[in-house]
Asker: 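After the structure tokens below, expect a handful of questions from me.
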Amino acid sequence: MSRYSAAEIEAKWQQAWDKAGIFTAKRSADKPKYYVLEMFPYPSGRIHMGHVRNYTMGDVIARYKLATGHNVLHPMGWDAFGMPAENAAMASGGHPKDWTYGNIADMRGQMKPLGLSIDWSREFATCDPEYYGQQQALFLDMLEAGLVYRKNAVVNWDPVDMTVLANEQVIDGKGWRSGAVVERRELTQWFFKISDMAEELLDALDGLENWPAKVRLMQENWIGKSRGLQFAFTRTDGTDPIEVYTTRPDTLMGASFVGISPDHPIAKALEADNPQVAEFVAECRKGGTTEEAIETGEKLGFDTGIRVKHPLDPSWELPVWIANFILMDYGTGAIFGCPAHDQRDFDFATKYGLPIKPTFEPVEGGAGLKEAFTPTKAEKVRYIAGFAGKEVQTGEEAVNAAVDKAEAEGWGRGVTKFRLRDWGLSRQRYWGCPIPVVHCADCGVVPEKKENLPVLLPYDEGGKPIDFSIPGNPLDRHPTWRDCTCPTCGKPARRETDTMDTFVDSSWYYARFTAPHADTPTVAEEAEYWMNVDQYIGGIEHAILHLLYSRFFARAMQITGHLPKKAIEPFDALFTQGMVTHEIYQTRDANDRPVYHLPEEVESGKLKATGEAVEIIPSAKMSKSKKNVVDPVSIISQFGADTARWFVLSDSPPERDVEWTAAGAEAAFKHLSRVYRLAAEIDVEAPATDDDSALLREMHKCIHDVTGGVESFGFNAAIAKLYAFTNTLAKSKAGGAAKRQAALVLAQLMAPMTPHLSEEIWTLLKGEGLIATAAWPTPDAAMLIDDTITLPIQVNGKRRAEISVPKDMDKAEVEKAALAVEAVQKALDGAAPKKVIVVPGRIVNVVA
RNA sequence: GCGGGCGUGAUGGAAUGGUAGACAUAUCGGACUUAAAAUCCGAAGGGCUUUGUCCCGUGUGGGUUCGAGUCCCACCGCCCGUACCA
């Protein structure tokens, strides 16, 4: 073959790898194991460039680890339950199961040409009964272990469609289909007791050294451990006191009202017999359940008429307001408002004419409050109404003093609370894992027997296809599926019709990959060998929920005997990669509304079809609605998988977004063609020359740099080195043996990124066996060090000259040499230097 | 609103607190060619009455340091998450 033909060589080498079975994960005592996992995809039906980037990164690691002598586990599966399948069935008929498995087949077909080193024998989908049946077994074990319980929780209720909506189905507080204003309504739901592990999940973050600091910080803030004061306001009418929790008890003398959640028992009691309260509370319940909607919505309040006494001054009465921004889920569902030191309270007080009384002010300069004064607890402030002392102290000190005083006087106690709430897992939907419990009139809620698992999803209803166009949960209205017998007493009973949150499915799949087809959730021997995941790779959007839930599940699975103790933190190292973005091309229709165009419809700023100029909007995440998508399948057919792989790794650091450009893809292809040509044109018989050692020296530097780049996720930097080394090789006048060696090493260093091309070059230059299993090259340390180095010389931090010195010249000599330079003398202008800083091997700075 | 992150040439980006702009794209010039494509070679942050190892320059404004793209503070813009999208 004379030219680089990706289509030909890629199919050939994929078959060769398959035949050799080199990607099938095997346990053996003679090698260390390495488990690399990318977050598994949702089977939408099409792979996109984000997938290509994610799986290519994992593949680079997997192939590198294979070449460095590891037993590698690199599996793939499908996060296959979830709403889109039901939405598709709703929109265009069909069955979620058929849609999902069809999509999986399509995506697998699109993914395989990428040449990923995946052990496909371990593939599964979370909607396989084999998988979700084991998930039901896990659920029952967790129920038995006391990690699951039922309580009420609020959901988005669409009063027209009479159905529960997901947050994304609530748009501006209205149902996406009905357009009706959504209400917050309570339902009895199943919960995982993740809050029991709040402290442990927080403390263990410290041990996750190979996780991005930002992810650990986000989880820490999410768990939200706080130390505060809990105490009760006594009511002037002598009835039940109101318990409040505050993290800023030092502001108690600035209290101007007590606020309670619309879901607080007092509010509920008032609602029952006061129409005005009922009307207000109903108003509060309008709109979605998200924290964002609640926090950014208009602050509403209602004076209940109830009055309470200030704990430090019984003659001081405070009004009790129902306020829509107070969450029943956090603290006690009641607060005291201190408008001077909380912006939300400030806005509320301003709106309703409540007093604003500062308890402290800046150390320098006085008050005059146009907005709340909210310094951090670590800052020192001057207390003017600090009941614990009129002095300058930090918020922290004042808070501690307040708690101490409250405890000493017996009216309050220091309390630690967490923001983290228990994980509600019930979903009123069809396409999910059925919750394996039974409701019996006599026995109550009874777990299904393990031998009856899996509780299978019904495909039909009464011999007819399920009608997904009707809003609501088909399981709930199914004519027969709900009917069952009570596992305890054997009488007729009803199945639970809620299914599990899809986060449950993705919270233990990493463990299942170690024994994907076992008839228990895991197999001890396999889990012991393969866990933990050595490198986990996925999007930053999963920084909190998915990763926290997975950490919880690893603990729960340990408690229930499904994972070894060492797997308590399932992911040893985490890498969060950026998105693939693309420019957006738009024109306007007759009504000036934007019309989007696919990249392939546009050429040099104009529509190919009509020649109309397009507006170019800067790069954004690829999305179907904006049409700024590039289909990996068409890129692969145009340039080959190696080009796609090379490009997504090359231009940007992996943790940042990468912009896909047609020019960049073309350039990547040209470069790979060039590497192939360079290798093909080497005359291996050409005699050795004086340039051999220089080429080999560069080769060893390249081995060193690329190895370092691959190990530290510096793929783009590694590729830059590979470009540079390719240029060196192209220009080198070295002999055939040296060039052959350099090209073989180049192919090896590129192999994790462009495995097919590398195999081809390897074969061309008569390398032994498959490059995929050839031992990774190691650099010769002696070849990495240059004898002389160039030192820049700064005067007052500005670069003025440079000198060339032997690499181990001592400091005093370097200083002497630097001062002797004419440019330095000129800059000094005759004056003696005040100080000379010599950083060996780095820089010289002369301070004038 | 709250929590987290990011911001460097025309463009993507490089740079353990130590020569800002590696490597690449687009552009321009040259070689080869009847011509084009492909390929190869080269130029290139901005500025200038001073072409100088000159001045300015890493979102904006301050600070720490012999030295700041990098560390600290404030602000602006964008992105992610915000518990039922996955």
Side-chain angles (χ1 to χ4, degrees), chain A residues 39 41-42 44 79 81-84 87 153 155-156 164-170 189 194 212-215 217-222 224 288-297 299 325 329 343-344 347 419-429 501-503 506 539-546 548-549 576 578-579 581 618-621 650-653 655-659 661 663-664 666-668 670-671 673-674 677 714 716-717 719-724 727 730 790-802 823 834-837 839 841-848:
Chain A
M39 290 180 187
Y42 180 80
S44 61
D79 189 13
F81 275 135
M83 284 204 314
N87 292 342
V155 295
N156 302 303
V164 177
L165 299 179
N167 285 334
E168 74 158 9
Q169 296 173 320
V170 178
Q189 314 251 297
I194 189 172
K214 64 182 170 187
V215 174
L217 185 56
M218 277 189 262
Q219 292 215 351
E220 182 184 330
N221 290 335
W222 184 262
T289 56
T290 66
E291 187 189 301
E292 185 188 7
I294 291 164
E295 289 282 339
T296 57
K299 308 287 175 288
F325 57 87
D329 288 323
Q343 191 57 42
R344 216 166 41 179
D347 296 341
R419 205 186 77 100
L420 180 67
R421 309 200 293 259
D422 278 334
W423 171 11
L425 68 118
S426 303
R427 297 292 180 271
Q428 295 70 46
R429 275 183 257 290
D501 178 9
T502 56
F503 272 125
S506 55
I540 186 69
E541 66 271 22
H542 295 294
I544 296 173
L545 293 180
H546 163 61
L548 191 62
Y549 291 158
T576 55
M579 298 178 297
T581 65
S619 266
K621 179 179 184 168
S650 65
D651 255 17
S652 287
E655 68 276 14
R656 275 209 248 169
D657 294 350
V658 65
E659 184 183 0
T661 62
E666 189 135 342
K670 279 186 193 173
H671 177 73
S673 306
R674 181 174 181 233
R677 206 170 48 240
N716 59 321
I719 284 182
K721 300 288 181 195
L722 289 167
Y723 267 110
N727 290 338
T790 303
L791 278 187
I793 301 167
Q794 297 181 331
V795 178
N796 291 333
K798 278 185 203 282
R799 184 175 166 278
R800 293 295 176 190
E802 60 183 37
K834 280 191 193 137
K835 196 170 164 188
V836 180
I837 292 147
V839 184
R842 275 283 173 197
I843 205 166
V844 180
N845 191 13
V846 179
V847 185

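Each chain gets a letter, A, B and so on, in the order its sequence line appears, and its residues count up from 1.
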Asker: Does the structure show a Watson-Crick or G-U wobble partner for B:U82, both distances under 3.5 Å? Name it, or say none.
Answerer: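 Across all strands, the one nucleotide that pairs with B:U82 is B:G1.
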
Asker: Heavy atoms only, 4.0 Å cut-off, all strands: where does A:P212 land among base, sugar-phosphate and nothing?
Answerer: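 Nothing, no heavy atom under 4.0 Å.
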
Asker: Could you tell me the separation between the CD atom of A:Q219 and the P atom of B:G3, rounded to a whole number of Å?
Answerer: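 Rounded to whole Å, this separation is 17 Å.
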
Asker: Describe the nucleic acid contact of A:S426 in one word from base, sugar-phosphate, nothing, applying a heavy-atom distance below 4.0 Å.
Answerer: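 Here A:S426 touches the bases of the nucleic acid.
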
Asker: Using a heavy-atom cut-off of under 4.0 Å over every strand shown, decide if A:H542 touches base, sugar-phosphate, or nothing.
Answerer: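 Base contact.
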
Asker: Could you identify the nucleotide paired to B:C6, looking across every strand shown and requiring Watson-Crick or G-U wobble geometry with both distances under 3.5 Å?
Answerer: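 In the structure as shown, B:C6 has B:G77 as its Watson-Crick or wobble partner.
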
Asker: Identify each atom pair where a protein N or O and an N or O of nucleotides 7-10 of chain B are less than 3.5 Å apart, giving names and distance.
Answerer:
none

Asker: Donor-acceptor check, side chain of A:N845 to backbone of A:G797, threshold 3.5 angstrom: yes or no?
Answerer: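 Present.
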
Asker: Strictly by Watson-Crick or wobble contacts shorter than 3.5 Å, is anything paired with B:C71, and which nucleotide is it?
Answerer: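 Pair assignment: B:C71 / B:G63.
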
Asker: Nearest whole Å is fine: how far is B:A20 C1' from A:R842 CZ?
Answerer: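 In whole Å, B:A20 C1' lies 14 Å from A:R842 CZ.
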
Asker: Does A:R800 have a side-chain nitrogen or oxygen under 4.0 Å from the phosphate oxygens OP1 or OP2 of B:C54?
Answerer: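 Checking A:R800 against B:C54: at least one side-chain N or O falls below 4.0 Å of OP1 or OP2.
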
Asker: Considering every strand and a 4.0 Å limit on heavy-atom distances, what is the contact class for A:D79: base, sugar-phosphate, or nothing?
Answerer: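 It contacts sugar-phosphate atoms only.
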
Asker: Please work out if A:T296 contacts a base, only the sugar-phosphate, or nothing of the nucleic acid, heavy-atom cut-off 4.0 Å.
Answerer: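 Result for A:T296 = base.
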
Asker: Take atom P in B:C55 and the same atom in B:A20, then report the distance between them in whole Å.
Answerer: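 About 12 Å, rounded to a whole number of Å.
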
Asker: Hey, does A:L791 reach any base, or is it just sugar-phosphate, or nothing, if we go heavy atoms under 4.0 Å?
Answerer: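 No contact.
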
Asker: Counting only side-chain heavy atoms from C-beta out, which of B:G18, B:G4, B:C85 sits nearest to A:M83?
Answerer: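 The nucleotide sitting nearest to the side chain is B:C85.
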
Asker: Under 4.0 Å between any heavy atoms, over every strand shown, what does A:V847 touch: base, sugar-phosphate, or nothing? Just pick one.
Answerer: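 A:V847: backbone/sugar contact only, no base atoms under 4.0 Å.
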
Asker: Looking at A:E291 and A:R419, does any basic side-chain N land under 4.0 Å from a carboxylate oxygen?
Answerer: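 Counted as a salt bridge, because a side-chain N and a carboxylate O are separated by less than 4.0 Å.
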
Asker: Give every pair of a protein N or O atom and an N or O atom of nucleotides 22-32 of chain B that lie under 3.5 Å apart, one pair per line with the distance.
Answerer:
| residue | atom | partner | partner atom | Å |
| --- | --- | --- | --- | --- |
| B:A24 | OP1 | A:N727 | ND2 | 3.1 |

Asker: Select base, sugar-phosphate, or nothing to describe what A:F503 touches, counting heavy atoms under 4.0 Å on all strands.
Answerer: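 Touches a base.
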
Asker: Relative to each other, are the rings of A:F503 and A:Y549 parallel, tilted or perpendicular (30° and 60° limits)?
Answerer: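 Answer is perpendicular, since the angle exceeds 60°.
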
Asker: Does A:V155 reach a base, just sugar-phosphate, or nothing at all? Heavy atoms under 4.0 Å.
Answerer: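 Base contact - A:V155 has a heavy atom under 4.0 Å of at least one base atom.
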
Asker: Within the 4.0 Å heavy-atom criterion, would you say A:I837 contacts the bases, only the backbone, or no part of the nucleic acid?
Answerer: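 Base contact - A:I837 has a heavy atom under 4.0 Å of at least one base atom.
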
Asker: By the 4.0 Å heavy-atom rule, please label A:V836 as base, sugar-phosphate, or nothing.
Answerer: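 No contact.
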
Asker: When you measure from the side-chain N and O atoms of A:N167 to the phosphate of B:A83, is any distance below 4.0 Å, counting only OP1 and OP2?
Answerer: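 Yes, A:N167 has a side-chain N/O under 4.0 Å of OP1/OP2 on B:A83.
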
Asker: Identify which nucleotide among B:C55, B:A86, B:A83 has an atom closest to any side-chain atom of A:Y42, counting heavy atoms from C-beta outward.
Answerer: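 The closest nucleotide is B:A86.
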
Asker: With a 4.0 Å cut-off on heavy atoms, is A:W423 in touch with a base, just the backbone sugar-phosphate, or nothing at all?
Answerer: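 No contact.
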
Asker: With a 3.5 Å limit on both atom pairs, tell me what B:A43 is paired to, counting Watson-Crick and G-U wobble, or say none.
Answerer: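 Because both required distances fall under 3.5 Å, B:A43 counts as paired with B:U27.
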
Asker: Where the side chain of A:I540 is concerned, which of B:G18, B:C80, B:G5 is the nearest nucleotide?
Answerer: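 That would be B:C80.
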
Asker: Using a 4.0 Å heavy-atom cut-off across all strands, classify A:Q169 as base, sugar-phosphate, or nothing.
Answerer: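 The residue A:Q169 makes no contact with any strand.
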
